[in-house]
Amino acid sequence: MEKAAFIINPFSAKKNYQPFLDELKKKVDNPLYYISESIPGTDDFIKEHFDKVDIFVAIGGDGTISTVARKLINTDKILAIFPAGSGNGFSNETKFNKNLDELLEKIKAKAYRKIDTFTVNGRLSINVSGTGFDGKVVKEFEKTSRGFKNYIKVSLKTFFNYKPIKVQFLDEAYQQYNGRYLMLNIANTRQFGNNAYIAPNASKSDGLVDMVLVKKFPLTYSALFAFRMFTKRLKDDEYVTYLPVSEISFKVTTKNWHLDGEFNTIESPVHVKVLPASLNILV
């Protein structure tokens, strides 16, 4: 296992990473691991071991995975995952689970495939990023102890008070979609996490992302929206629009974004660009 390195976010999984580490040490002789104290620390660890490690394993949520992945883009290194976040959207979409034995077997086999990633004003995203309502939700959610119940509470509280954002596309071909929206999402995979499928037809390997435009809808539509989202049935209708794109630019009247579930401040204009087949993922 000398060609695999394990990067642990100690703040994921309710700050209870020790059971994973204990199990890892029982099953792997002298494993190479790093308990991350910061993003720069993680970057330095990857840089230090880059030449002698083939597979970097991210132990955490989508934000942790994205932090590791950005150092592996367009290289021959392979990303693997042990999910330990609150939503685990990207882990679900790439078929990683909390079975360490299964993960170690995958590492031993060393089979992988290439998937797309994308950038938002140059910042990497691997799963789903967005602005508007869900950008605000993530900002408020980070003030809580996380967890799915807290996410639902914050979402409901935010929904009733949130004023739609204004989106203006810079490309003439998309200006028919200018308008006010509850939220705008860029989806490389199908789900936010917790099996909430915002883009059920999105693919990680088609050279495109799904831009999802959601207008603010009445309370009477909310149950149908939630039902469709949790049953992979969201589709174009009077409130939801899907635009498959490889690159797009627009202005938006908010700076609040989430990139793979982590809050970010991003200035307009915004440029989204797909990086086709840019990341090797363990299978």
Side-chain angles (χ1 to χ4, degrees), residues 62-63 66 70 87 89-90 116-143 151 154-193 196-199 201-202 207-218 221-222 225 229 234-275:
D62 286 352
S66 186
R70 69 178 185 165
F90 188 75
D116 303 333
T117 59
F118 68 97
T119 57
V120 181
N121 280 6
R123 303 185 199 184
L124 181 72
S125 179
I126 57 174
N127 194 50
V128 178
S129 294
T131 188
F133 167 73
D134 56 329
K136 177 67 172 177
V137 167
V138 168
K139 184 177 183 180
E140 297 303 316
F141 182 54
E142 290 191 348
K143 299 175 184 178
Y151 185 83
V154 171
S155 296
L156 289 173
K157 182 178 179 181
T158 304
F159 179 82
F160 291 106
N161 299 317
Y162 195 76
K163 294 181 179 179
I165 56 173
K166 184 177 181 181
V167 179
Q168 180 182 358
F169 292 93
L170 302 185
D171 189 325
E172 188 174 343
Y174 295 102
Q175 288 181 5
Q176 62 182 302
Y177 301 105
N178 289 350
R180 295 185 179 277
Y181 294 95
L182 175 68
M183 59 183 179
L184 177 159
N185 283 284
I186 312 295
N188 186 45
T189 74
R190 300 177 300 168
Q191 64 170 295
F192 287 125
Y197 292 85
I198 187 64
N201 295 316
L208 301 170
V209 288
D210 278 5
M211 172 175 276
V212 191
L213 300 169
V214 181
K215 293 180 180 177
K216 190 159 188 179
F217 44 79
Y221 178 85
S222 59
F225 181 85
M229 185 165 63
L234 269 183
K235 58 183 180 179
D236 284 282
D237 63 12
E238 61 183 310
Y239 298 111
V240 182
T241 300
Y242 288 95
L243 301 176
V245 298
S246 60
E247 189 170 1
I248 197 165
S249 296
F250 54 91
K251 294 179 180 179
V252 60
T253 54
T254 179
K255 301 174 185 176
N256 291 339
W257 278 76
H258 76 87
L259 300 182
D260 298 326
E262 300 292 321
F263 179 74
N264 278 254
T265 298
I266 297 178
E267 301 274 354
S268 284
V270 177
H271 181 225
V272 174
K273 182 178 176 60
V274 176
L275 307 177

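For clarity, every value in this text was computed on a predicted model and none was experimentally measured.
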Which distance, rounded to the nearest 0.5 Å, do you find between the NZ of Lys273 and the OG1 of Thr117?
-> 11.0 Å
Smallest separation among heavy atoms of Asn188 and Asp116, with atom names | ND2-O, 2.9 Å
Side chains of Met211 and Tyr174: does their closest heavy-atom pair fall under 4.5 Å?
-> no
Please list, chain by chain and in numerical order, all residues satisfying side-chain contact (heavy atoms from CB on, under 4.5 Å) with Lys163, sequence neighbours excluded.
-> none
Search all heavy atoms of Tyr162 against all heavy atoms of Lys216 and return the closest pair with its distance.
-> O-NZ, 2.6 Å
Partners of Ser125 by side-chain contact (heavy atoms from CB on, under 4.5 Å), sequence neighbours excluded?
-> Phe118, Ser129, Asp260
So, does Asn256 use its side chain to make a donor-acceptor pair with the main chain of Phe133 at under 3.5 Å?
-> no
Pairwise side chain to side chain donor-acceptor pair (under 3.5 Å) hits with a residue in residues 236-252, at least two apart = Tyr221-Asp237, Arg228-Asp237, Glu247-His271
Who are the side chain to side chain donor-acceptor pair (under 3.5 Å) partners of Asn127, not counting sequence neighbours?
-> Asp62, Thr189
Give the minimum heavy-atom separation between Ala202 and Ala187, together with the two atoms involved.
-> CB-O, 4.0 Å
Looking at side-chain heavy atoms only, is the closest gap between His258 and Phe263 below 4.5 Å?
-> no
Quick check: does any side chain N or O of Asp134 sit under 3.5 Å from a backbone N or O of Met183, one acting as donor and the other as acceptor?
-> no
When rounded to the nearest 0.5 angstrom, what distance separates CD1 in Ile126 from CZ in Phe90?
-> 4.0 Å
With Phe250, which residues qualify under ring-ring contact (aromatic ring centres under 6.0 Å, His included), at least two apart?
-> Phe169
Is Glu172 atom CD crowded by more than 12 heavy atoms from other residues, nucleotides or ligands, each under 6.0 Å away?
-> no
Give a yes or no answer on whether the side chain of Asp210 reaches the backbone of Val212 with a donor-acceptor pair at less than 3.5 Å.
-> no
What do the steps show when you test Met229 against Phe192 for side-chain contact (heavy atoms from CB on, under 4.5 Å), and what is the final call?
-> CA-CA 10 Å; Met229 185 165 63; Phe192 287 125; 4.2 Å; yes
Please lay out, stage by stage, how Ile198 and Leu234 fare under the test side-chain contact (heavy atoms from CB on, under 4.5 Å).
-> CA-CA 7 Å; Ile198 187 64; Leu234 269 183; 3.9 Å; yes
Hey, which of Val252, Leu259, Asn264, Val270 is the one that makes side-chain contact (heavy atoms from CB on, under 4.5 Å) with Thr131?
-> Val252
Side chain to side chain donor-acceptor pair (under 3.5 Å) with Arg180: which residues, sequence neighbours excluded?
-> none
